Amino acid sequence: MLIGYQGVEGSYSELACRKFAGGTEYQMKGYPTFRTLVSAMMDGELDYIALPVENSTSGPITRTIDLMKYLEVSAVREVYIKIDHALIMESAAEISDITTVYSHPEALEQCYSYLSEYPNIEVREYTDTAEAVKMVKETGDPHIAGIAGSHAAALYDMTVIRENISDNPLNTTRFLFFRRGVQGSRPETNKTSLYIESDHSTGSLSEILNIFSRHGINLLNLTSRPIQHKPFSYGFFIDVEKGREDSVLAEALEDVRHVSNYINMLGTYQKGEIPSYEKMLTNE
């Protein structure tokens, strides 16, 4: 089994891949961008890919889910990973010595409050958290730092200057694992991800939501996204608390088809286990 992820060894996506594989024999391969990762899956180079789709601090990760709108894919599992961002440098130093911090834009957003305490530090986006640490290591510049997990610091023999710098001490990312093609019957599933484009008439979105409500289907997530080449028109990513084989969901989707232009069932899977934290982590 070959699993693809965006980034390099030491990324949070790699941790998600390890959790997804469990005790199954597998290999992993990193890709520079989410677009190249998805393309590799659609070209048959990978069995599964890991996509971070939502974060408990910064919300939906739209740069990933937008890639899936019109593809024939299947989300097969949901995995939650606790995100413990750390400030990492090549060697021990004072924070006052840092001039620039690099990390993935999502990580920088999740550490916004902490970074705002140091206006002298320039914040720069990088392609990946672990890759930012790797770059800091390779440059040898004693005045730059990266933000990533502490496991990345250990991997690249770097020094953790400050642990747990996320604004939200319970910072968690939700990953979906996709494979190419439409999945077969999976009667044990209890959550389904959809992408729907309404006909944009007055009240069309409200009608779609009312259909799910009339059928007693709980909506777990609703994310609005612009439709390319149709200015100020929108599609909707929707997660519902029903499995694909549930007859109630099938009836609801049949009704939704009458008031929408496009429906893509992105996958049906078992709800992932959200980590339970016995005590809050705080920045010290």
Side-chain angles (χ1 to χ4, degrees), residues 12-13 16 19-20 34 38 41 48-83 106 168 170-179 181-198 204-227 234-257 259-276:
Y12 290 109
S13 291
K19 185 173 181 179
F20 170 74
F34 289 117
V38 172
M41 175 186 66
Y48 299 96
I49 65 170
L51 285 186
V53 295
E54 187 178 7
N55 178 267
S56 60
T57 299
S58 54
I61 303 174
T62 56
R63 70 182 68 195
T64 64
I65 58 176
D66 279 350
L67 296 173
M68 315 308 286
K69 290 177 181 178
Y70 307 114
L71 299 181
E72 193 173 89
V73 295
S74 298
V76 298
R77 187 172 169 193
E78 179 179 67
V79 170
Y80 290 89
I81 295 295
K82 175 72 174 68
I83 306 298
E106 298 287 342
N168 178 0
L170 303 185
N171 191 12
T172 303
T173 293
R174 171 187 171 224
F175 288 82
L176 285 179
F177 282 80
F178 288 89
R179 69 171 177 80
V182 177
Q183 64 192 14
S185 176
R186 302 186 70 199
E188 77 285 359
T189 61
N190 57 12
K191 187 173 181 180
T192 299
S193 292
L194 307 157
Y195 175 68
I196 300 174
E197 292 181 359
S198 68
S204 58
L205 174 59
S206 177
E207 178 61 21
I208 290 173
L209 300 182
N210 286 336
I211 288 171
F212 287 119
S213 178
R214 288 199 304 268
H215 286 274
I217 296 175
N218 184 30
L219 268 63
L220 301 172
N221 182 47
L222 173 65
T223 301
S224 171
R225 299 299 299 147
I227 300 173
Y234 299 88
F236 305 93
F237 288 97
I238 299 176
D239 293 333
V240 299
E241 200 171 23
K242 286 287 184 182
R244 179 173 184 168
E245 305 303 314
D246 194 301
S247 60
V248 174
L249 178 59
E251 293 171 3
L253 291 180
E254 185 61 32
D255 291 343
V256 170
R257 286 186 176 91
V259 292
S260 62
N261 292 333
Y262 176 77
I263 299 178
N264 188 2
M265 185 176 286
L266 298 172
T268 300
Y269 44 90
Q270 193 74 19
K271 284 191 288 185
E273 183 178 353
I274 300 175
S276 176

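Model, not experiment: these values are computed from the prediction.
- No side-chain heavy atom of I65 sits under 4.5 Å from any side-chain heavy atom of L51.
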task: Apply side chain to side chain contact (heavy atoms under 4.5 Å, CB included) to the pair L222 and L209, showing each step before the final yes or no.
output: CA-CA 10 Å; L222 173 65; L209 300 182; 4.2 Å; yes
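- The distance from atom CG of L253 to atom OG of S260, rounded to the nearest 0.5 Å, is 9.0 Å.
- Residues M68 and L266 come closest through the heavy atom pair O-CD2, 3.3 Å.
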- request: Any chance you could lay out the side chain to side chain contact (heavy atoms under 4.5 Å, CB included) test for S198 and F236, step after step, and finish with the verdict?
  value: CA-CA 8 Å; S198 68; F236 305 93; 4.2 Å; yes
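- At a threshold of 4.5 Å between non-hydrogen side-chain atoms, the residues F212 and N218 do not count as touching.
- Sorted by first and then second residue, the salt bridge (charged side-chain N to carboxylate O under 4.0 Å, His left out) pairs involving residues 243-253 (not counting sequence neighbours) are K242-D246.
- Between V76 and Y48, the closest side-chain pair of non-hydrogen atoms falls below 4.5 Å.
- Taking the side chain as every heavy atom from C-beta outward, N168 and S56 approach each other to under 4.5 Å.
- Listed by chain and number, the residues in a ring pair (Phe, Tyr, Trp, His ring centres under 6.0 Å) with F177 are F20 (sequence neighbours excluded).
- Screening Y70, Y234, Y262 for a side-chain hydrogen bond (donor to acceptor under 3.5 Å, both in side chains) with E197, the sole residue that qualifies is Y70.
- Scanning for side chain to side chain contact (heavy atoms under 4.5 Å, CB included) contacts around E78 gives Y80, R174, L176, K191, Y269, K271, with sequence neighbours left out.
- Counting heavy-atom neighbours within 6.0 Å of E188 CD, excluding the residue itself, gives a total above 12.
- Using a 4.5 Å heavy-atom threshold, the side chains of D66 and R225 count as touching.
- Inter-residue side-chain proximity for F175 and S13 is flagged as met; some heavy-atom pair is nearer than 4.5 Å.
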task: Output, in order, the C-alpha distance, side-chain angles, deciding distance and verdict of side chain to side chain donor-acceptor pair (under 3.5 Å) for T268 and T192.
output: CA-CA 4 Å; T268 300; T192 299; 3.3 Å; yes
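- Within the structure, salt bridge (charged side-chain N to carboxylate O under 4.0 Å, His left out) contacts touching residues 206-216 (residues at least two apart or in different chains) are E207-R214.
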- prompt: After noting the C-alpha distance and the side-chain angles of I263 and V256, does the key distance pass the side chain to side chain contact (heavy atoms under 4.5 Å, CB included) rule?
  reply: CA-CA 9 Å; I263 299 178; V256 170; 3.7 Å; yes
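- Every residue meeting the ring pair (Phe, Tyr, Trp, His ring centres under 6.0 Å) condition with Y12, not counting sequence neighbours, appears here in chain and number order: H85, H151.
- Screening T173, N171, T172 for a side-chain hydrogen bond (donor to acceptor under 3.5 Å, both in side chains) with T57, the sole residue that qualifies is N171.
- Note that CG of N210 is 11.5 Å distant from CG of D255, once rounded to the nearest 0.5 Å.
- Side-chain atoms of N264 come within 3.5 Å of backbone atoms of K69 as a donor-acceptor pair (strictly under, hydrogens ignored).
- Within the 4.5 Å cutoff, no side-chain heavy atoms of M265 are placed close to those of V182.
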query: Could you go step by step and tell me if F237 and L194 meet the side chain to side chain contact (heavy atoms under 4.5 Å, CB included) rule?
result: CA-CA 6 Å; F237 288 97; L194 307 157; over 6 Å; no
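- Two residues are said to be in side-chain contact when any heavy atoms from C-beta on lie closer than 4.5 Å; I61 and V53 fail this criterion.
- If you take CD on E254 and NE2 on H215, they are separated by 10.0 Å, rounding to the nearest 0.5 Å.
- For F34, the ring pair (Phe, Tyr, Trp, His ring centres under 6.0 Å) criterion is met by no residue, not counting sequence neighbours.
- When only modelled atom types and interatomic distance are considered, Q270 and T189 share no side-chain donor-acceptor pair under 3.5 Å.
- Taking CG of L249 as the start and CD1 of I217 as the end, the distance is 5.0 Å to the nearest 0.5 Å.
- Not a single donor-acceptor pair under 3.5 Å links the side chain of N55 to the backbone N or O of E106.
- With rounding to the nearest 0.5 angstrom, the CD1 atom of I208 is 13.5 Å from the OG atom of S213.
- In plain terms, the two heavy atoms of T223 and P60 that are nearest each other are OG1-CG, 3.7 Å.
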